[in-house]
Amino acid sequence: MHFLKHFSPELVVKSPGRINLIGEHTDYNMGYVLPTAIEKNIKFSLQKNGSDHHCNVYSRTYDTGFEIDLNKISVSRVEWENYILGVLYEISKISNELGGFDCIVASNLPTGSGLSSSAALECGLAFGLNELFGLGLTKLQLVQLSQTAEHTYVGTQCGIMDQFASVMSKAGHVIMLDCRSLKYDYIPIDLFPYRIILLNTKVSHNLASSEYNTRKEECEQGVAIIRKQFPQVDSLRDVNQSMLEECKNNLSQKVYLRCKFIIAENERVIKMAKALKEKDLPTLGGLLYEAHEGISEQYEVSCKESDFLVAFSKKNSNVLGARQTGGGFGGCTLNIVHQDAVLEFIESASKSYKDKFGIQLEAFEVKPSGGTSKLSNSVG
Ligand code: GLA
């Protein structure tokens, strides 16, 4: 791409991936979530190029790029381009201040690993363009337009958690987000002497073509049936276990189990917030194992590789709790491991996993980190 020869960025932005401590698939059911950003991120180097509507985007990570005419944005056949195009499309719906720009993207965030590289890509670009062109959009607008971009251009009917975590996270904290009201609190997370270790199964998921949208539909089917008996119900957030039991005979076994998981998972988020505040680490660990069981058996968004790693952790007394994090069907398991046992844990888990599946897993520690931010600039 020509622009690379005379590229001199005016602005560098980093946008992080996230983990979710607990509260999986509760976001699009209007419930609670407890995510936080991690240090792994995507960097965007940006410059205006003086044209009205000609843009260049190049990915250093994949050594590939594409050109965009802002007046002719449409869905691409190349998946990663749609995250960019979707954001540009959504911004141009609410602002006419965008102009031509050049952008280099570089990532150390593994894709398809449940750490939300999608939201990092969307939010980093939205945040960067907001700064570069002085669009005046609020952080919440950036979050919401990025989520919509994923619906319209990528095709995943995701909730708001990932984009919210990517933009709004604060170092040393998790965000307790109410996905209905969008009210949130930062809860300090102190796990000492334990560390958060991620094990990447290397089983990659693709939410758009996976069962993600089907799960959302199954929850909606549940709500439609429950509402016949309880007209005040708008989402599974409004349903408790006893209401669900009353409706059980009208629900298919599958939809019943999906709803049961969401209701219990939502309650677990509240219990987890309490455990964090009281630094009750055994309860925290127990909730993670309990959540994974639901993820695997009731919501059925796990896979044999994630189940294997969580079961492996359960046998190790130096691990307080573990579960698959993120949208599901692979990606990473999150493990709360005693600091003195981290190396031994990683070695033994890697060996067993390799023996079982022939896959070399990737293991790394994560620390709750800050959200999307400017690294350097000559703008504003
Ligand atoms: C994906 C989606 C989120 C959320 C999680 C599951 O990461 O993007 O909105 O639904 O799955 O908790």
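Remember, it's 1-based here, ligands and their atoms both numbered in the order they're listed. For the single chain, residues carry numbers from 1 onward in sequence order.
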Atoms of ligand 1 close to [X] [distance to a heavy atom under 4.0 angstrom, numbered from 1]:
X: Asp162; result: 1 (C), 2 (C), 3 (C), 7 (O), 8 (O)
X: Met161; result: 4 (C), 5 (C), 12 (O)
X: Cys158; result: 2 (C), 8 (O), 9 (O)
X: Gly159; result: 9 (O)
X: Tyr28; result: 10 (O)
X: Tyr212; result: 1 (C), 2 (C), 3 (C), 4 (C), 9 (O), 10 (O), 11 (O)

Asn82 CG to Ser76 OG distance, which is reported to the nearest 0.5 Å: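 Atom-to-atom, Asn82:CG and Ser76:OG are 5.0 Å apart.
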From CG (Leu284) to CD1 (Ile336), nearest 0.5 Å: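 One finds 6.0 Å between CG of Leu284 and CD1 of Ile336.
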When only distance counts, is Asp27 in polar contact with ligand 1, meaning an N/O pair under 3.5 Å? yes
Asn20 versus ligand 1: do any nitrogen or oxygen atoms come within less than 3.5 Å of each other? no
Contact list for residues 55-70, test salt bridge (charged side-chain N to carboxylate O under 4.0 Å, His left out), sequence neighbours left out: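 For residues 55-70, and leaving out neighbouring residues, the salt bridge (charged side-chain N to carboxylate O under 4.0 Å, His left out) pairs sorted by first residue read Asp69-Lys72.
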Run the side-chain donor-acceptor check on residues 229-236: report pairs under 3.5 Å with partners two or more places apart or on a different chain.
| residue | atom | partner | partner atom | Å |
| --- | --- | --- | --- | --- |
| Gln229 | NE2 | Glu246 | O | 3.4 |
| Ser235 | OG | Arg237 | N | 3.3 |

Quick check on Arg18 - does any of its heavy atoms sit under 4.0 Å from an atom of ligand 1?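 Arg18: in contact with ligand 1 (<4.0 Å).
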Examine Tyr153 together with Tyr83 and report whether their ring centres are nearer than 6.0 Å. no
Would you check if the distance from the ring center of Tyr212 to the ring center of Tyr28 is below 6.0 Å? yes
When you compare the side chains of Ser146 and Glu122, does any donor N or O come within less than 3.5 Å of an acceptor on the partner?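 Side chains of Ser146 and Glu122: no pair found under 3.5 Å.
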